[in-house]
Structures are given as structure tokens and as C-alpha cells.
Amino acid sequence: MGRLVWNTSKFVKVPGTNKRVRRARPETEWRIVHREDLRIIDQELWQQVRNRLTRLKDLYVGQRKQGLLQPLCDQQLTSLAVS
């Protein structure tokens, strides 16, 4: 996307344990620098990919993945419920 982002988190010491824990900073504290020289693909191609992913997501939303053992699991669950 051609940008550098830093200062997105900070480390806070936990009292008593002397351990450091990462905490997210609000977006208002982020430092963002746009660097077009870091872009790998152009914006037009990026937008085409994003549009395709959105179309595919909308096409397959709500469809359940069927694994290799799914029919056996469904059959066992129905037989357990009937018994």
C-alpha cells in the first residue's frame, strides 16, 4: 500500500512481575508516512484484487465447508439425538 506505520503499540510493565506487556495505542498516536517507492503493485491492480475478493466473499457467504469426515459426524449426531 506504500506506507510505513509505526508507534502502534507500547510496552507496559506489569507491577510485581517485572514483565512487559504489549498494549495497542489509539490510532491518533500512530505515525504514518506514505512512501510510493515501497509500493509493490499499482493501485489499480490492488483495487481489482480487492473487488474480486469482495465478490467471492459475497458469493460464498453462509456456505458451510464440508470436510472428509463431515457426513459421518452428521450421521452420528442424528443417531445420538434419536436414541
Side-chain angles (χ1 to χ4, degrees):
M1 295 182 42
R3 64 181 188 157
L4 287 174
V5 181
W6 70 91
N7 204 34
T8 59
S9 63
K10 62 182 174 181
F11 286 92
V12 179
K13 279 196 172 185
V14 177
T17 63
N18 205 23
K19 292 184 179 182
R20 296 177 348 135
V21 180
R22 182 176 179 254
R23 298 285 183 229
R25 292 182 186 263
E27 285 191 39
T28 56
E29 294 182 15
W30 291 8
R31 303 288 183 233
I32 301 172
V33 176
H34 295 280
R35 296 270 313 265
E36 291 300 320
D37 59 319
L38 296 178
R39 184 180 292 275
I40 298 172
I41 60 173
D42 62 348
Q43 185 63 31
E44 182 181 343
L45 179 58
W46 177 253
Q47 195 58 44
Q48 289 174 358
V49 170
R50 298 294 298 166
N51 292 340
R52 182 172 187 268
L53 288 174
T54 302
R55 281 195 318 270
L56 289 174
K57 180 182 169 189
D58 293 342
L59 180 65
Y60 291 106
V61 73
Q63 291 187 3
R64 185 175 168 194
K65 287 186 179 179
Q66 180 127 358
L68 182 62
L69 300 176
Q70 190 64 42
L72 295 174
C73 294
D74 287 344
Q75 184 180 9
Q76 288 176 355
L77 287 176
T78 54
S79 65
L80 286 175
V82 173
S83 300

Check the hydrophobic clustering (I, L, V, M, F, W, Y; side-chain heavy atoms under 4.5 Å; chains of links allowed) and say if Trp46 and Ile40 are grouped together.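 Result: yes, single cluster for both.
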Run the side chain to side chain contact (heavy atoms under 4.5 Å, CB included) test against Thr8 and tell me which residues pass, sequence neighbours left out.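 Thr8 satisfies side chain to side chain contact (heavy atoms under 4.5 Å, CB included) with Val5, Arg22, Trp30 once adjacent residues are dropped.
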Check salt bridge (Lys or Arg N to Asp or Glu O under 4.0 Å) between Arg23 and all other residues, then give those that pass, not counting sequence neighbours. none
Any side-chain heavy atom of Gln48 within less than 4.5 Å of one from Leu45? yes
If the condition is side chain to side chain donor-acceptor pair (under 3.5 Å), which residues does Arg25 pass it with, not counting sequence neighbours?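 For Arg25 the side chain to side chain donor-acceptor pair (under 3.5 Å) partners, ignoring immediate neighbours, are Asn7, Glu29.
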Partners passing side chain to side chain donor-acceptor pair (under 3.5 Å) against Lys19 (at least two apart in sequence or in another chain):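 Listed in chain order: nothing, the list is empty.
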For Leu56, does the CG atom have more than 12 heavy-atom neighbours from other residues, nucleotides or ligands under 6.0 Å away? yes
Connecting only ILVMFWY residues whose side-chain heavy atoms lie within less than 4.5 Å of each other, what is the rest of Leu4's hydrophobic cluster?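 When side chains under 4.5 Å apart are linked, the cluster holding Leu4 also contains Trp6, Val33, Leu38.
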Sort and list the pairs that fulfil salt bridge (charged side-chain N to carboxylate O under 4.0 Å, His left out) and have at least one residue in residues 38-61, not counting sequence neighbours.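 The answer is Glu36-Arg39.
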